[in-house]
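Working notes for the structure below.
Just so we're on the same page: letters track the sequence lines, and every chain starts at 1.
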Protein chains: 2
Amino acid sequence: MLTPKQLGRLPGTGRGLRNASIKDIARLAGVSHSTVSRALRGGVLVRDETASRIRKIAEEVGYRPSAAARSLVSGHSDTIGVVVTNVADPFVAGVVRGIEDRAEEHRYAVFLANSNADPDREVRVVRAFEERRVDGIIVTSSRVGALYVPVMERMRVPIVLLNNQHPGHFAHSVMIDNPKASLEVTRHLTQLGHRRIGYIGDRSGHQSDTERLAGYRQALEEAGIPFDPALTIQGDGRPEGGGIAMTRLLQGNRLPTAVFCYNDMTALGAMRQIRLHGLRVPHDISVAGFDDLFLDEYLDPPLTTVRQPMREMGRIAMQTLLNIFTGESNSHNVRVEGRLIVRGSTAAPKE
Amino acid sequence: MLTPKQLGRLPGTGRGLRNASIKDIARLAGVSHSTVSRALRGGVLVRDETASRIRKIAEEVGYRPSAAARSLVSGHSDTIGVVVTNVADPFVAGVVRGIEDRAEEHRYAVFLANSNADPDREVRVVRAFEERRVDGIIVTSSRVGALYVPVMERMRVPIVLLNNQHPGHFAHSVMIDNPKASLEVTRHLTQLGHRRIGYIGDRSGHQSDTERLAGYRQALEEAGIPFDPALTIQGDGRPEGGGIAMTRLLQGNRLPTAVFCYNDMTALGAMRQIRLHGLRVPHDISVAGFDDLFLDEYLDPPLTTVRQPMREMGRIAMQTLLNIFTGESNSHNVRVEGRLIVRGSTAAPKE
DNA sequence: CTGAAAGCGCTTACAG
DNA sequence: CTGAAAGCGCTTACAG
């Protein structure tokens, strides 16, 4: 009993089939394999009758060209690899849609791989893509962005980072304008009259988190509110971390009247804790997030947030890759604007 | 300005690099490329000193073996392709985790591709995987399951379907026991005292939907409640469709006191519409879903549902593939059990 | 322990 | 319009 690894050729579904090659078809059609190749590709330089006979046979035997063989000679795979931190995050779903939009237009296949926010895994996954000779790689919300700087130096396959989490500059990146967007959300809260506003962040050290905190602080400053470190607590970018952080805020001696969360997933956990403590959103505490996940409007109350143009960001990332391919771009750092979406989770503070 | 497609070899990040091959390393090390190949693979049959010198050089030049070349000779790619209807669906995220658990143990790489619930796309994506000679394919929530029956006949690469949506039998599949799980949810509602229970389904014709409807009807029968077709409405498996269907139920002449939804995404939309109509869950209408998505417990009220052991299902699907590889299995249809999770969205009807 | 050779499945000049 | 030949980057018997 051998695995494909040991056996070499798969026996099909127990039927002992192997993949038909152009040689098999050539034999069946009584022509050379070169002719089969031509007929199956462009169809140029082959007599119509011959070509259609070949195509018919190929169809009959269920011929599938080997991308491996093809890419070996062509030097490209017409494939883009996308590394996502977590398929479960609705944010990546939006981004992936955008990547696919553009990729499909240009006939690239898009494959995803999960890093599960594990830096080691992220590196392994990027390597797996490289070995399969994808033409380009897009890494979303990388946890090890900085690592790419030296790697890029001799990287054969172009990499575009999307909302990378580590400080540093990259040849190619697409990022949301975090400071500005955070400034706007927080300003929205100060304008509602809030003076004690909490911030629940991501794990520290990540660029997005640092930038969102900066925007938050700037809004406070604008409003003449002194920064209170006790109101800034780390989360982990997920509901669990948001919940734990919120609990700590609720145990403080003076409650915030509003909380700005690093992202919507964090806000999800925070809102739940607020409810579990017998308080109401936004009556007792206003909550705002970041991302505009599809589920925001299905929450009760619906979540105020910053819309990241996820699909657009995915499109831009893919377009950047396409530009690199054509040589039109050697370095490209794009900042996109977020947009404040006010929903029911934020309101003026009580009295 | 050429794309990789036209150009053949990528110029790297503008640095004119091409991928180093074992020949390049052989030249640098002053040995034959066969020796390089051996040193880089097992390391057997090569003098230690030679091997380590070769590995050092490979490291220096940033050598990445070509999976294409390797798989061409070995006949396998050590890669599994997973087709998902929608990366945005948290259900697939759970399944993918399970697939990865098992795949990682056996050193298979896992790549995902999106079908966006579009049958044409699904077929194209499966084909893309076949051409890249993945060793196996797992298709989740397929919309075109039936299509695989003839295809499987001459399929070279084994396919495992997970919760396929179309009637028919497949060589390999993993499915939740829909009738039983639905029976239990609906029974939960009848036992709470509900007599007018609605069902919001998926698009019709899908196997899962048919089976869940059957379980629902059986529970009604058990409780001596006549089936009322007016209470069964089609959705689309997403919040939008759930909302539209709920609206129709709310416009009926006699409101249901409880609604069982095809899945949690559907329930999400239904609950929102209930709120928008000024009614409360579960006070006015109880709502139950199916899947147990991570977000269920973050809803207000948290959603009663059936837990699908998504991760476990993913593991089983991958294990099925592994069994096919070793020849231990030629046909394998697994039914897994769901589990009722009672949360706050269901309660006894008013008086 | 090492090298030369054949071959995996394709594409693509080069001849005819 | 068609075929023979070379070659993409690797692995693996086969000789030494």
Nearest whole Å is fine: how far is [N] [atom2] from [X] [atom1]?
| X | N | atom1 | atom2 | result |
| --- | --- | --- | --- | --- |
| B/R41 | D/dC10 | CZ | P | 11 Å |
| B/L72 | D/dG7 | CG | P | 17 Å |
| A/H76 | C/dC10 | NE2 | P | 16 Å |
| A/R133 | C/dG9 | CZ | P | 20 Å |
| B/Y63 | D/dG9 | OH | C1' | 7 Å |
| B/R53 | C/dC1 | CZ | C1' | 13 Å |
| A/R132 | D/dG9 | CZ | C1' | 15 Å |
| B/I22 | C/dT2 | CD1 | P | 15 Å |

So, is [X] close to the [N] phosphate, meaning a side-chain N or O under 4.0 Å from OP1 or OP2?
| X | N | result |
| --- | --- | --- |
| A/K23 | C/dG7 | no |
| A/R47 | D/dT2 | yes |
| B/S74 | C/dC8 | no |

B/S32 vs A/A68, nearer the 5' end of DNA chain C by closest nucleotide: B/S32

For C/dT12 and C/dG16, measure between their C1' atoms and round to the nearest Å. 16 Å

Would you please say whether a donor-acceptor pair under 3.5 Å links the side chains of B/S141 and B/N163?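 No, B/N163 and B/S141 have no side-chain donor paired with an acceptor closer than 3.5 Å.
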
Assess, by modelled atom type and distance only, whether the side chains of A/S71 and A/S74 contain a donor and an acceptor separated by less than 3.5 Å.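 Not at all, the side chains of A/S71 and A/S74 share no donor-acceptor pair under 3.5 Å.
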
If pairing means Watson-Crick or G-U wobble with both distances under 3.5 Å, then the partner of C/dG16 is D/dC1

5'-most contact on DNA chain D: A/T35 or B/H33, nearest heavy atom basis? A/T35

With the threshold set at 4.0 Å, does a side-chain nitrogen-carboxylate oxygen contact exist between A/R102 and A/E105?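 A salt bridge links A/R102 with A/E105.
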
Are the charged groups of A/E130 and B/R64 less than 4.0 angstrom apart, N to O? yes

From D/dC8, D/dG3, D/dT11, pick the nucleotide closest to the side chain of A/R38?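 From the listed options, D/dG3 comes nearest.
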
side-chain contact (heavy atoms from CB on, under 4.5 Å), that's the test. Do B/I99 and B/R315 meet it? Break it down for me. CA-CA 5 Å; B/I99 294 172; B/R315 277 199 209 102; over 6 Å; no

Using a 4.0 Å heavy-atom cut-off across all strands, classify A/S34 as base, sugar-phosphate, or nothing. base

